[in-house]
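Shown next, in structure tokens, is the structure this report addresses.
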Protein chains: 2
Amino acid sequence: MNFNAVTIRDIAKELNLSVSTVSKALRDSYEISEKTKKLVIECARRNNYRPNPIAQSLKQGNSKSIGIVVSTIENQFFAQVINGIESVAHKEGYNVIITQTHESYDLEVKNVNHLTSRSIDGLLISLSTETPDVEHLKTLHAQGLPMVFFDRVTEEINTHKVISDNYKGAYDATKHLIDSGFRRIAHITSPPNISITKERLAGYKAALADAGIFTPDYYISYCPHGGRDISEIENALNFLLNLEDKPDAIFTTSDRITTTTIFLLNKLKVAIPADVALVGYTNTTLADVLNPPLSSVHQQGFEIGQKATEMLLSLIKSKWPVTEFETVVLPTHLFIRESSTKPKK
Amino acid sequence: MNFNAVTIRDIAKELNLSVSTVSKALRDSYEISEKTKKLVIECARRNNYRPNPIAQSLKQGNSKSIGIVVSTIENQFFAQVINGIESVAHKEGYNVIITQTHESYDLEVKNVNHLTSRSIDGLLISLSTETPDVEHLKTLHAQGLPMVFFDRVTEEINTHKVISDNYKGAYDATKHLIDSGFRRIAHITSPPNISITKERLAGYKAALADAGIFTPDYYISYCPHGGRDISEIENALNFLLNLEDKPDAIFTTSDRITTTTIFLLNKLKVAIPADVALVGYTNTTLADVLNPPLSSVHQQGFEIGQKATEMLLSLIKSKWPVTEFETVVLPTHLFIRESSTKPKK
DNA sequence: TATTTCTACGCAATCGTTTTAGTAAACATT
DNA sequence: AATGTTTACTAAAACGATTGCGTAGAAATA
């Protein structure tokens with residue numbers, strides 16, 4: 001930084017003291033007399049001295065910053081998670097570096113490398129939908145980088161995790177559709193490899209099974225890129241709506257898939273819920289104002305972020321290697337609106 | 001970083017070379033023989049060596065990171081701007097640190113201090129609605145910190161700026177309402193002190209004046225916190241809708257004010273556009289799917305971010321103090337949807 | 001053969017801060 | 001008076017990477 005060149009050395013020179021005295025005075029060391037402390041502090045203030053955090057980091061071996069990897073901050077859910085992360089991190093004097101994968105594996109690897117090469121103290125990560133394996137994270141984990149997974153987690157790395165109760169969220173949504181009188185309930189979801197897909201699929205299947213409703217496998221559509229390409233969802237809908245036993249309801253996962261589905265159904269002039277009902281996962285604040293108001297499973301994004309950060313900081317601050325890990329599961333909430341209300345005949 | 005302890009010194013020891021030789025080999029210096037270079041590079045790769053960027057920063061006096069200050073990333077407009085910023089920054093090897101003010105002046109000051117104390121090389125900032133003055137930035141600017149303003153800018157600091165054509169956006173929106181047959185057009189907007197408010201207000205007034213329509217001052221409502229509190233907008237609407245010469249159309253500014261207005265109007269069972277038409281500023285991807293589809297002025301968020309970052313990097317890289325500054329104005333686009341279509345009688 | 005020029009590398013200082021290991025001087029204890 | 005104990009400070013070594021300068025030995029030139 002050349003825009004703020006005042007260093008501890010300048011103060012030392014001005015006061016005819018050694019740098020170590022100045023440093024200790026500023027850190028309020030017991031070794032320094034009150035008189036000198038006052039002198040130093042006053043001089044620092046007068047010269048608008050700010051300790052160079054880079055030098056501090058180098059000396060202390062930590063950077064007081066944590067890295068975040070999410071798919072995209074345009075997703076309201078992740079924006080809320082990040083707000084939760086920041087609320088805890090800032091309180092503890094950590095700053096955060098946010099990176100986005102846009103669901104790409106390449107970008108995930110690049111971002112993780114970039115973050116670690118920026119010397120982060122810990123990592124908060126939600127896996128990209130396109131991530132086939134977690135070797136890039138295993139190495140770092142083995143090297144001792146504290147990491148906490150949230151939302152999309154992996155079984156292959158043993159560390160803290162924070163997730164929503166995806167199973168129950170999906171179960172509740174599906175059961176609600178069943179209770180509302182729908183029987184042919186399709187499911188449009190993310191790629192089968194990521195955790196949230198599996199958990200939500202299990203909840204969906206369980207609700208149907210518990211109600212004794214048989215559902216063919218072709219009612220389940222996976223979007224390989226998590227809805228990054230609108231065509232993925234378009235294809236899924238075209239397929240479903242042209243079936244002979246066309247579904248009378250759809251349960252969607254993920255913010256993007258859900259909001260895109262409502263957009264496409266409207267465009268296709270498929271009436272919701274008259275032609276097909278819809279319940280989705282989304283954290284948009286606009287669900288109420290959509291046409292029609294969208295029934296949705298809402299996740300506690302902010303709280304997920306908070307919890308994950310608390311756990312990460314506890315790992316970072318721990319003096320001994322942590323071997324006991326925890327997976328925190330936060331409840332989801334189903335908001336019932338018009339998109340899933342059986343129209344009266 | 002203790003989780004990645006491989007340093008240049010470790011490599012030197014392993015190969016029985018000096019640290020300087022290793023450093024120079026890795027930096028491909030002409031002073032080092034090809035044979036040694038190959039040896040060093042291979043050893044570095046094998047040991048998963050990564051240069052410690054903190055040490056590099058300290059030596060080189062830059063941090064290769066830029067700070068961003070926005071009101072909130074939950075706002076789609078800012079999320080898009082940030083994506084634009086990242087696209088340019090990452091390409092140039094810079095990483096970004098995002099902070100949010102949530103429209104609070106206190107948080108803005110804190111964030112700016114935090115960022116500069118984290119040794120950023122430059123600052124990209126959109127002012128908070130509650131920011132009464134820019135003294136906290138003037139000091140930094142005077143000290144030579146490169147900064148570029150975007151979206152909400154200030155006249156008081158002479159540097160690069162990137163904004164939307166707010167005047168024209170507002171003019172077009174208002175003119176469209178007039179052309180659609182509306183005459184009593186109200187305006188709900190951000191606090192009068194920030195730049196976008198002034199620019200949009202001017203466009204709104206000009207369109208009305210050009211059409212020879214007199215509009216009373218009480219048709220203009222300011223939200224002191226930019227719509228952070230829903231009650232601000234509630235009050236504005238209650239006031240407007242209970243007027244004797246109740247407006248037949250409303251033009252709103254800012255993402256949050258616009259989407260909250262549609263929410264409240266729906267809640268109040270005020271039909272849009274039958275009872276009152278609506279055109280707003282918003283960058284949500286959901287405008288099409290809202291009830292009713294929302295006419296809106298769309299800003300080129302991504303491009304604003306890109307442009308601002310290009311300008312910031314040019315400031316950072318400049319060898320000489322820059323004295324010629326530029327304000328780039330990007331066009332807005334009006335999307336006409338149902339919320340502003342005069343219903344047939 | 002003596003001198004100069006290259007080549008390829010090492011030494012040591014540097015960035016700004018923190019911290020360990022001193023050390024004079026003042027004061028207290030026997 | 002000789003010895004311990006504080007007090008209040010300083011010198012110097014880190015942290016990891018970079019870089020100007022120095023130099024041994026090989027090669028080229030005179």
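Chain letters run A, B, ... following the sequence lines, proteins first and then strands; every chain starts at 1.
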Handout entry: Candidates Glu103(B), Arg228(B), Arg152(B), His225(B) - the one meeting side chain to side chain donor-acceptor pair (under 3.5 Å) with Thr129(B)
Key = Glu103(B)
Exercise for the section: Using whole Å, report how far CD1 of Ile11(B) lies from P of dT18(D). Expected result: 11 Å
Handout entry: Gln56(B) side-chain N/O to dT18(D) phosphate OP1/OP2 under 4.0 Å
Key = yes
Fill in the blank from the handout: Lys64(B) atom NZ is separated from dT18(D) atom P, nearest whole Å, by 13 Å
Practice task
Would you classify Leu17(A) as touching base, sugar-phosphate or nothing, given that sugar-phosphate means primed atoms plus P, OP1 and OP2, and contacts are heavy atoms under 4.0 Å?
Solution key: sugar-phosphate
Problem - Taking every non-hydrogen atom, the tightest pair across Ile66(A) and Ile120(A) - result: C-CG2, 4.2 Å
Practice task
Determine, for Arg46(A) against Glu14(A), whether the closest basic-nitrogen to carboxylate-oxygen distance falls under 4.0 angstrom.
Solution key: yes
Problem - Side chain of Lys24(B) - closest among dG20(D), dG16(D), dT17(C) - result: dG20(D)
Exercise for the section: Starting from the 5' end of DNA chain C, give me the residue, Asn16(B) or Leu58(B), whose nearest nucleotide shows up first. Expected result: Asn16(B)
Exercise for the section: Using a cut-off of strictly less than 4.0 Å between a heavy atom of the residue and any atom of DNA chain D, enumerate the qualifying residues of residues 29-38 of chain A by number. Expected result: Glu31(A), Ile32(A), Ser33(A), Thr36(A)
Got a list of side-chain donor-acceptor pairs under 3.5 Å for residues 310-318 of chain A, not counting sequence neighbours?
| unit_1 | atom_1 | unit_2 | atom_2 | d |
| --- | --- | --- | --- | --- |
| Ser314(A) | OG | Met311(A) | O | 2.9 |
| Lys317(A) | NZ | Glu92(A) | OE1 | 2.5 |
| Ser318(A) | OG | Trp320(A) | N | 3.3 |
| Ser318(A) | OG | Trp320(A) | O | 2.5 |

Practice task
Would you mind reading off the distance between Tyr49(B) atom OH and dG16(D) atom C1', rounded to a whole angstrom?
Solution key: 8 Å
Handout entry: Nucleotide nearest Ala55(B) (side chain, heavy atoms from C-beta), chosen from dT19(C), dT17(C), dG16(D)
Key = dG16(D)
Fill in the blank from the handout: By nearest-nucleotide position on DNA chain D, the 5'-leaning member of Gln60(A) and Ser23(B) is Gln60(A)
Handout entry: Electrostatic pair Asp121(A)-Lys64(A), nearest N-O below 4.0 angstrom
Key = no
Practice task
Measure from CG on Leu26(A) to P on dT17(C) and round the result to the nearest Å.
Solution key: 9 Å
Problem - Short side-chain N/O contact from Arg27(A) to OP1 or OP2 of dT19(C), under 4.0 Å - result: yes
Practice task
Kindly say whether, by distance alone, the side chain of Lys59(A) makes a donor-acceptor pair under 3.5 Å with the base of dG16(D)?
Solution key: no
Side-chain polar contacts of residues 81-89 of chain B - donor-acceptor pairs under 3.5 angstrom, sequence neighbours left out - could you list them?
| unit_1 | atom_1 | unit_2 | atom_2 | d |
| --- | --- | --- | --- | --- |
| Asn83(B) | OD1 | Gln100(A) | NE2 | 2.4 |
| Asn83(B) | ND2 | Glu74(A) | OE2 | 3.0 |
| Glu86(B) | OE1 | Gln100(A) | NE2 | 2.9 |
| Ser87(B) | OG | Gly84(B) | O | 2.8 |

Problem - For atom CG of Asn52(A) and atom P of dC15(D), their distance in whole Å - result: 18 Å
Problem - Donor-acceptor pair under 3.5 Å, Ser20(B) side chain vs dC11(C) base - result: yes
Problem - Sub-6.0 Å ring centroid separation between His136(A) and Tyr105(A) - result: yes
